[in-house]
Amino acid sequence: MGQKGLTNFFEKFLDKESLFENKRVLQANYIPETITHRDKEIKKIATILAPCLKLEKPSNLFIYGKTGTGKTLTIKHVTNKILQVAREKDINVKIFYINCKLKRVADTEYRLIAQFTRDLGKEIPPTGLPTDEVYKIFFSAIDAEQQLVILILDEIDYLVKKAGDELLYNLTRINSDLKNSQISLVGISNDLVFVDHLDPRIKSSLSEEEVIFPPYNALQLQDILKQRAKKAFKKNVLEQGVIEKCAAYAAREHGDARRALELLRVAAEIAERDGFSRIKIEHLDKAEQEIEKNRIQDIVIAQPKQQQAVLLSIISICSKRKRGIFTGEVYEVYKGICIQTGLRPLTQRRVSDIIAEYDMFGIINTNVISKGRYGRTKEISLAIDHSIIPKIKKIIENNLNL
DNA sequence: CGAGATTCATGTGAAGTATACCTTTAGGCTTAA
DNA sequence: AAGCCTAAAGGTATACTTCACATGAATCTCGTA
């Protein structure tokens with residue numbers, strides 16, 4: 001495109017009518033004023049948490065539900081309302097939300113407590129302090145004034161798998177030492193059997209109350225989509241059947257509403273980019289691929305180089321042969337990649353742990369099998385769509401200067 | 001032929017090490033009385 | 001003498017390594033039918 005062409009392009013771009021009225025409505029962090037099909041859950045959570053407005057400690061709460069069933073959305077909605085009322089009536093309630101899955105933010109005991117303490121306005125160094133010390137600072141920051149604090153731990157199962165359940169015990173016990181204030185815990189998990197592995201003492205105190213979020217069915221998903229689409233798009237840009245198809249896609253994936261909304265948004269973006277004036281069903285198919293690519297891309301880019309090298313090793317073996325990929329082979333290929341890129345190879349022990357991490361992210365599936373006379377190993381297979389593998393591969397290769 | 005021993009390749013737990021970062025402390029220097 | 005700065009000492013969390021033992025079914029071995 002020449003200089004003149006570019007000017008032309010931008011002018012055209014400005015002239016082109018956007019399909020969106022308000023794109024934000026479809027983004028993941030948007031909290032709508034009313035949440036459809038979650039009345040029961042909202043009411044229950046509200047009832048459980050309401051005592052905090054009288055500065056009485058609400059029961060600890062545990063929320064289960066698959067991804068995209070509105071857990072995070074609902075708790076944020078309810079807590080926003082509580083905070084709003086609290087502000088009007090000048091009640092000292094504080095609510096902190098943290099997602100435990102965020103790497104290098106809240107995935108260890110130290111980092112989690114440090115993060116909460118920072119939310120309370122204290123400076124905590126990223127490392128160096130004893131964990132007890134951080135607890136003390138956290139403690140005194142809370143007890144400094146009379147108040148009620150609610151801590152929300154999203155994806156708590158991930159944290160416990162990585163860092164153990166001791167910190168939950170510490171958090172539940174902290175109350176007995178607080179003089180002026182109280183804290184309540186809200187745990188959110190999409191692993192339904194997660195609490196069964198917890199220490200019984202923690203289990204009983206953490207799940208004093210439980211709320212379960214059932215998956216949405218296709219009709220409910222349609223309602224949600226229609227409601228948001230009305231706000232998000234201009235009139236008449238949705239072709240017949242798009243919403244229905246979109247809901248059906250997501251219902252197939254255990255009723256994941258987040259996915260449905262993302263699908264709709266990305267489809268619209270694709271339609272807009274390609275110069276269509278209406279969103280067609282075919283755009284949904286393209287969107288689905290794009291989303292999956294982005295999801296994995298985001299995870300991969302956030303990984304350190306060593307981890308990327310391991311994934312690249314798995315991918316390149318996988319693209320040659322589909323079945324029967326084992327740790328030893330992955331390690332050999334990984335070492336080769338390290339030499340090529342000048343990376344210092346990690347030990348097989350560590351690589352084995354990294355492979356387990358990718359398993360947790362859901363990018364690969366692993367299965368420990370015994371091959372009898374030929375030893376014991378992890379059978380590894382990629383859990384991502386084959387059409388996007390080359391793109392991911394390219395991203396990593398670029399990143400590692402290969 | 002079949003029960004039990006063997007074997008392989010790696011899983012997995014525990015303990016040790018390197019690194020990056022923190023606070024405390026002691027010594028040296030400056031400054032003001 | 002008091003105050004301030006700096007560098008060393010001593011402490012911690014995290015990522016990784018080292019060491020050592022655990023696993024579990026295919027295969028081997030050997031006693032017995």
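Remember, predicted model here, so these are calculated numbers, not experimental data. Just so we're on the same page: letters track the sequence lines, and every chain starts at 1.
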Inset, instruction - State plainly whether the residues A/R265 and A/E269 are in salt-bridge range, i.e. N to O under 4.0 Å. - result: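 So A/R265 pairs with A/E269 through a salt bridge.
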
Inset, instruction - Look at A/K293 together with A/E288 and state whether they make a salt bridge at an N to O cut-off of under 4.0 Å. - result: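 Salt bridge flag = no for A/E288 with A/K293.
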
Legend entry - Atom-pair distance (CD1 on A/I369; C1' on C/dG24), nearest Å: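 That distance rounds to 11 Å.
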
Legend entry - Rounded distance (Å) that lies between atom C1' of C/dT27 and atom OH of A/Y374: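 After rounding, the reported distance stands at 8 Å.
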
Inset, instruction - Under 4.0 Å from any heavy atom of chain A: name the first and the last nucleotide of DNA chain B that qualifies, 5' to 3'. - result: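 Answer, 5' to 3': B/dT7 to B/dT23.
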
Inset, instruction - Take atom NZ of A/K162 as the centre, draw a 6.0 Å sphere, and report whether it contains more than 12 heavy atoms from other residues, nucleotides or ligands. - result: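 It does: A/K162 NZ has more than 12 such atoms within range.
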
Strictly under 3.5 Å: I want the nitrogen or oxygen pairs between protein and nucleotides 13-17 of chain C, one per line.
residue	atom	partner	partner atom	Å
C/dA13	OP1	A/T131	N	3.1
C/dA13	OP1	A/T131	OG1	2.5
C/dA13	O4'	A/T127	OG1	3.4
C/dT14	OP1	A/T108	OG1	2.5
C/dA15	OP1	A/R111	NH2	3.3
C/dC16	OP2	A/R350	NE	2.8
C/dC16	OP2	A/R350	NH2	2.5
C/dT17	OP1	A/T347	N	3.2
C/dT17	OP2	A/T347	N	3.0
C/dT17	OP2	A/T347	OG1	2.8

Inset, instruction - Name the residue closer to the 5' end of DNA chain B, choosing between A/K378 and A/G372 according to the nucleotide with the nearest heavy atom. - result: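 First, find each residue's nearest nucleotide; the 5'-ward one identifies A/G372.
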
Legend entry - Lys NZ or Arg CZ of A/K161 over A/Y158 ring: under 6.0 Å, within 45°: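 A/K161 over A/Y158 ring: no.
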
Inset, instruction - For residues A/R118 and A/I124, report the shortest heavy-atom separation together with the two atoms involved. - result: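 It is NH2-O, 3.0 Å.
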
Legend entry - Heavy-atom pair with the smallest gap, counting every atom of A/Q303 and A/F361: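 For A/Q303 versus A/F361, the nearest heavy atoms are NE2-CE1, 3.3 Å.
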
Legend entry - Residue pair A/F213, A/Y64: steps toward the ring pair (Phe, Tyr, Trp, His ring centres under 6.0 Å) verdict: CA-CA 6 Å; A/F213 280 64; A/Y64 302 100; over 10 Å; no

Legend entry - From A/H283 atom NE2 to A/R273 atom CZ, the distance as rounded to the nearest 0.5 Å: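 The NE2 atom of A/H283 sits 9.5 Å away from the CZ atom of A/R273.
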
